[in-house]
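For reference, the structure discussed in these notes is given below.
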Amino acid sequence: MMAVEQDRRARNVRLASGDAFSRRDPFVIGDQLSFPLDMFSVPHHYKGDVKEIMIPHGLVIDRIQKLAKDIRHDYADTTIHLLCVLKGGSAYFQDLITALRRFHDHADHSYVPFTFDFIKVKSYKGVSSTGSVQITGGDLAALEGKNVLVVEDIIDTGLTMESLLPVLEARGANSVRVTSLLEKRTELSSGFRGHYVGFSIPDKFVVGYCLDFNEFFRDMDHICVISDRGIERFTEETRG
Ligand code: HPA
Ligand code: MG
């Protein structure tokens, strides 16, 4: 194993305290992989605002079925407390619990229930690598003794998770793991990696499936790469 890889895994295990679990690897979307826009249906109001489709919606859903299976398997008899990070994580959260419910509905043996809550997280990038984090919504006092699974849309620099996890642990959670639909291969990564990750993606700005650019594009099913025109069109005017 490469030293960098080893270091990253060590960091991850350290973050999820007492949890010597090494993650399952994500599906890797290659740097050149894209799906042509004219082969899939994209909302008319975003025509020209996206460059290419990186992950068609159907593939997102298929991958989530397997993530749900992995999670259900690993937690076996443990009640998971899913902590959905709004707003970006909400589409993934909904499809993840749909898949989990399906296991429960059709199983011929008993599963344990899952519970959930929603939080909003704002991270401030300070001079230190940990930075600080503001959490709103959600009942943090209720995390005590729970096996928390944070549900995120994307891990980019990793700084949000690096700041969030110690806060959740300090609230007395029994375990804290992270599932993120996407993980970006970026030079700016802190090295943080989630436990259950859907796709490792190239260093491009993606939108759709609740991922936004200035609140737009959340209403699109496919995960797409934003175009220069899209950036220009939806950039907030910052005068004064
Ligand atoms: N798209 C949307 N939101 C994000 C991204 C991205 O690529 N990276 C971090 N937040
Ligand atoms: Mg997010």
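As the structure lists them, so they are numbered: ligands from 1, and atoms in each ligand from 1. Atom set for the values below is all heavy atoms of this structure, side chains included, hydrogens, waters and symmetry mates excluded.
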### Task
Would you check if the distance from the ring center of F216 to the ring center of Y46 is below 6.0 Å?
no

### Message
Check whether K66 reaches the backbone of D62 with its side chain - one donor and one acceptor, N or O, closer than 3.5 Å.
### Response
no

### Task
For residues F234 and F217, establish whether the separation of their ring centroids is below 6.0 Å.
yes

### Query
At a 4.0 Å threshold, what atoms of ligand 1 neighbour a non-hydrogen atom of D156?
5 (C), 8 (N), 9 (C)

### Message
With a 4.0 Å cut-off on heavy atoms, is D212 in contact with ligand 1?
### Response
yes

### Query
So is V207 close enough to ligand 1, meaning a heavy atom under 4.0 angstrom away?
no

### cation_pi(R218, F213) dist<6.0 Å, angle<=45
no

### Message
Heavy-atom pairs closer than 4.0 Å: do any link ligand 1 to the side chain of V206, the backbone, both, or neither?
### Response
both

#### Entry: Atoms in ligand 1 flagged as close to K184, the criterion being non-hydrogen separation under 4.0 Å
6 (C), 7 (O), 8 (N)

### Residues forming a salt bridge (Lys or Arg N to Asp or Glu O under 4.0 Å) with D95, sequence neighbours excluded
none

### Task
Check whether any N or O atom of I154, backbone or side chain, sits under 3.5 Å from an N or O atom of ligand 1, and answer yes or no.
no

